Each structure stands twice: as C-alpha cells, then as structure tokens.
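Each ligand, and each atom within it, is numbered from 1 in the order the structure gives. Please read these numbers as outputs of a predicted model, since none were measured by experiment.
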Amino acid sequence: MQKRAPSEILERYLIRNKELAPLTTLRIGGTSERFYQPPSERDAALLICALRDEGSSFYVLGGGSNMLISDGSIDTPVISTSAMTDVSFELRGDEVFVECGSGAELKSIVRMSLDNGWTGAECLSGIPGSVGGAIVGNAGTQEGSMSRSLHSVRYIDESGSLRELAADEVSWGYRHSSFLGMRNTLITSAVIRLATEDSRDVRDRIRRAMHGRSSQPSGVNTAGCVFKNPPGDHAGRLLDAAGCKGLAVGGASVSEKHANFFVNAGGATARDMRSLIDMCIARVEARFGVRLELELRQVAI
Ligand code: EPU
C-alpha cells in the first residue's frame with residue numbers, strides 16, 4: 001500500500017473557511033480557517049499525525065449540541081467526526097453489540113433500540129448529538145448516562161496512535177469522562193452493549209423518558225442544559241429562583257420554560273451568550289452562594 005505524504009492528507013480533506021454556526025444546535029460560532037472531515041478512522045489517524053508533525057493542535061466537533069464556539073475566524077484546525085457515522089450490530093445470545101462511528105447520532109441508536117426491542121439506551125432518548133460527544137461529556141438523563149451502556153471505545157491519541165479502552169478503563173463522573181482532559185484526542189468509534197427484550201416494554205420506557213423532557217424547550221436553538229447540577233440541587237431551580245428566566249443579552253436569552261436552557265432567538269453571538277452566562281452565574285452566586293459550573297463546552301473562547 002502506498003503511504004501518503006502528510007501534506008497530501010492535509011490538503012485532501014481541507015475545507016477552508018467553513019461556517020461553524022450551522023453545525024451547532026445553538027447556531028452560534030464563527031468560521032474555521034482549516035476544517036477537516038475525515039471519512040474513516042485511518043484517514044483521521046493520518047490527519048492527526050500530519051497536524052502533529054506541523055506542530056498544530058486541533059478542536060474536535062461532533063454533533064455540536066453542547067458547544068459554544070467563539071465568533072470570528074478560528075485558525076486552530078477543526079476536525080469534524082460527521083463523516084464517521086457507520087452503525088452495525090452483532091447479536092451474541094441475548095446481548096447486542098452496536099458498533100458505531102463517533103459521528104453517529106445518539107438518536108439513531110435509540111431508534112434502532114426502539115425498532116428492535118433492545119434495552120439499555122432508554123436513558124439516552126431525546127438527547128441530541130453524536131456518540132463521540134456523548135462519551136466525552138458522559139451525556140445522560142436522571143435515568144442514567146452513556147457510561148452505563150458503553151462497552152468499549154476506540155480513539156486516536158495525541159501521538160496519532162489508535163487506542164482502544166474498555167468502558168471500565170475510562171474514568172467517569174457526572175457529565176464527565178477522562179476524555180475531557182485529553183488534548184488532541186479524537187474518538188473514532190464505540191461499541192454500545194444492549195440486550196434484547198420485549199419491544200413493547202422498551203417503547204414504554206422510551207416514551208416515559210421523552211415525557212420527562214416535556215418541561216424543556218423544543219423547536220428553538222439551544223445547547224441543552226448550560227450548567228451542571230450542583231450537588232443536591234438543580235441548576236434550573238436555582239436560576240429560576242434567582243430571577244434569571246427571560247434575561248437577555250443581544251439575541252441570547254434564558255428560556256422562560258426551563259431556566260437552564262439558553263436560547264439563541266436569532267442573531268445571538270458567542271459574546272452575547274458568554275455575557276448572559278456570566279450574568280446568571282453572578283445572580284445565582286449572590287442569591288444562594290453557589291457557583292454554577294458550565295456543562296456547555298466552550299471552544300476558542
Ligand atoms: N426547575 C425550576 N425551574 C426551571 C427548571 C427547573 O424550578 O426553570 C426545577 C424543576 O421543577 C425540578 C428541578 O428544577 O424540581 C429539576 O428540573 P428537571 O426535572 O427539568 O431536571 P434538571 O435537573 O434541570 C436534568 C438534566 C437534563 C435531563 C433532565 C431529565 C442536568 C444539568 N440536566 O435536568 O439534562 O434532560 O434531568 O432527565 O443534569 C443536559 O444535560 O443537557 C440535560 C438537558
């Protein structure tokens with residue numbers, strides 16, 4: 001097999017001046033000067049090696065559902081996982097091993113579970129975003145999170161080497177995984193372990209989980225919950241009680257429906273959103289002495 005020169009791979013997948021806002025659920029973000037969308041694990045590894053060789057770090061963009069990307073031009077390369085979306089599965093006894101590219105949407109896994117009567121992914125229903133992003137941030141609901149159904153994960157480390165970890169080799173916390181602290185690392189795929197069950201029971205549980213989200217805004221541009229829940233309390237309750245609902249900066253506002261959701265009602269910039277976030281942190285801290293921590297990940301801010 002012919003080995004590709006590093007510069008060739010950097011040219012091959014380069015998209016210049018890619019607008020990032022449409023790739024996020026908040027519809028906020030500037031332009032990536034160097035945007036890459038490798039179609040396979042192998043190409044992603046070659047790309048990361050080439051970036052390392054030229055001394056560049058990079059940002060990873062998954063489903064863009066939990067991200068606040070800065071305005072303006074972003075010169076740090078961005079690698080999108082959106083072309084790595086293959087999903088396949090293998091049945092072993094009453095277990096199902098679903099292998100998915102990191103760019104696969106969580107909702108496609110929930111859909112497959114629903115169609116086939118597989119249990120284990122119910123706690124992920126209604127969560128936007130990609131499998132890779134859900135692993136990094138251990139996405140979930142009050143019923144459980146990604147770490148619970150993950151079997152193993154493959155990723156490319158800072159040196160460009162392909163690695164694989166069993167789920168119990170990753171350290172997990174509430175909306176946290178050890179991947180959050182790893183620079184220049186890209187998750188390429190994962191295996192989710194589910195089990196076969198009566199599809200009616202699975203459907204009922206997914207319906208109940210979706211019902212739990214009826215208190216959240218839908219059909220508007222948000223990034224899910226902005227803040228993590230502090231121990232023993234809920235960020236939404238604290239923000240609401242501190243009078244944050246309806247506060248606005250430019251085009252960014254705090255949802256009237258659920259105070260831990262911030263909305264881009266049109267034309268909001270990252271700067272508007274960041275000012276609103278700071279205003280709300282200050283209000284809650286002044287009122288309750290609790291300093292809220294961001295769940296939303298900030299890129300280039
Ligand atoms: N509340 C208010 N005012 C509000 C919003 C909430 O008083 O404006 C109160 C509610 O009445 C309730 C409590 O706060 O007593 C908790 O609210 P909710 O049931 O909506 O749950 P949450 O803690 O705000 C968490 C997750 C959500 C997940 C839901 C359902 C976090 C930060 N949030 O929300 O996850 O969908 O449970 O399982 O852990 C996300 O992480 O992006 C997310 C949306």
task: Return each pair, listed once, that meets ring pair (Phe, Tyr, Trp, His ring centres under 6.0 Å) where at least one residue sits in residues 161-196; pairs must be two or more places apart or across chains.
output: Tyr155-Phe179
message: Could you see if Ile156 belongs to whatever hydrophobic cluster contains Val60? Use Ile, Leu, Val, Met, Phe, Trp, Tyr and a side-chain cutoff under 4.5 Å.
response: yes
- prompt: Taking NZ, NE, NH1 and NH2 as the nitrogens, is one of them in Arg52 or Glu158 under 4.0 Å from a carboxylate oxygen of the other?
  reply: no
query: Excluding sequence neighbours, so at least two apart, what forms side chain to side chain contact (heavy atoms under 4.5 Å, CB included) with Gln37?
result: Ile15, Phe35, Ser80, Ser82, Ala83
Show me the short polar-atom pairs for ligand 1: any N or O of it lying under 3.5 Å from a protein N or O, with distances only.
{"residue": "ligand 1", "atom": "3 (N)", "partner": "Asp240", "partner atom": "OD2", "Å": "2.8"}
{"residue": "ligand 1", "atom": "8 (O)", "partner": "Lys245", "partner atom": "NZ", "Å": "3.3"}
{"residue": "ligand 1", "atom": "8 (O)", "partner": "Ala259", "partner atom": "N", "Å": "2.8"}
{"residue": "ligand 1", "atom": "20 (O)", "partner": "His258", "partner atom": "NE2", "Å": "2.8"}
{"residue": "ligand 1", "atom": "21 (O)", "partner": "Gln142", "partner atom": "NE2", "Å": "3.0"}
{"residue": "ligand 1", "atom": "23 (O)", "partner": "Gln142", "partner atom": "NE2", "Å": "3.4"}
{"residue": "ligand 1", "atom": "23 (O)", "partner": "Asn229", "partner atom": "ND2", "Å": "2.7"}
{"residue": "ligand 1", "atom": "23 (O)", "partner": "His234", "partner atom": "ND1", "Å": "2.6"}
{"residue": "ligand 1", "atom": "24 (O)", "partner": "His258", "partner atom": "NE2", "Å": "3.0"}
{"residue": "ligand 1", "atom": "35 (O)", "partner": "Arg175", "partner atom": "NH2", "Å": "3.3"}
{"residue": "ligand 1", "atom": "36 (O)", "partner": "Arg213", "partner atom": "NH1", "Å": "3.1"}
{"residue": "ligand 1", "atom": "36 (O)", "partner": "Gln216", "partner atom": "NE2", "Å": "2.9"}
{"residue": "ligand 1", "atom": "37 (O)", "partner": "Gln142", "partner atom": "NE2", "Å": "2.9"}
{"residue": "ligand 1", "atom": "38 (O)", "partner": "Gln142", "partner atom": "N", "Å": "2.9"}
{"residue": "ligand 1", "atom": "39 (O)", "partner": "Tyr174", "partner atom": "OH", "Å": "2.7"}
{"residue": "ligand 1", "atom": "39 (O)", "partner": "Arg175", "partner atom": "NH2", "Å": "3.2"}
{"residue": "ligand 1", "atom": "41 (O)", "partner": "Arg175", "partner atom": "NE", "Å": "3.1"}
{"residue": "ligand 1", "atom": "41 (O)", "partner": "Arg175", "partner atom": "NH2", "Å": "3.1"}
{"residue": "ligand 1", "atom": "41 (O)", "partner": "Glu295", "partner atom": "OE1", "Å": "3.1"}
{"residue": "ligand 1", "atom": "41 (O)", "partner": "Glu295", "partner atom": "OE2", "Å": "2.8"}
{"residue": "ligand 1", "atom": "42 (O)", "partner": "Cys225", "partner atom": "N", "Å": "2.8"}
{"residue": "ligand 1", "atom": "42 (O)", "partner": "Glu295", "partner atom": "OE2", "Å": "3.2"}

task: Kindly give the heavy-atom pair with the smallest separation between Ser189 and Glu99, and that separation in Å.
output: OG-OE2, 4.2 Å
- line: Sorted by chain and residue number, the ring pair (Phe, Tyr, Trp, His ring centres under 6.0 Å) partners of His151 (sequence neighbours excluded) come out as Phe97
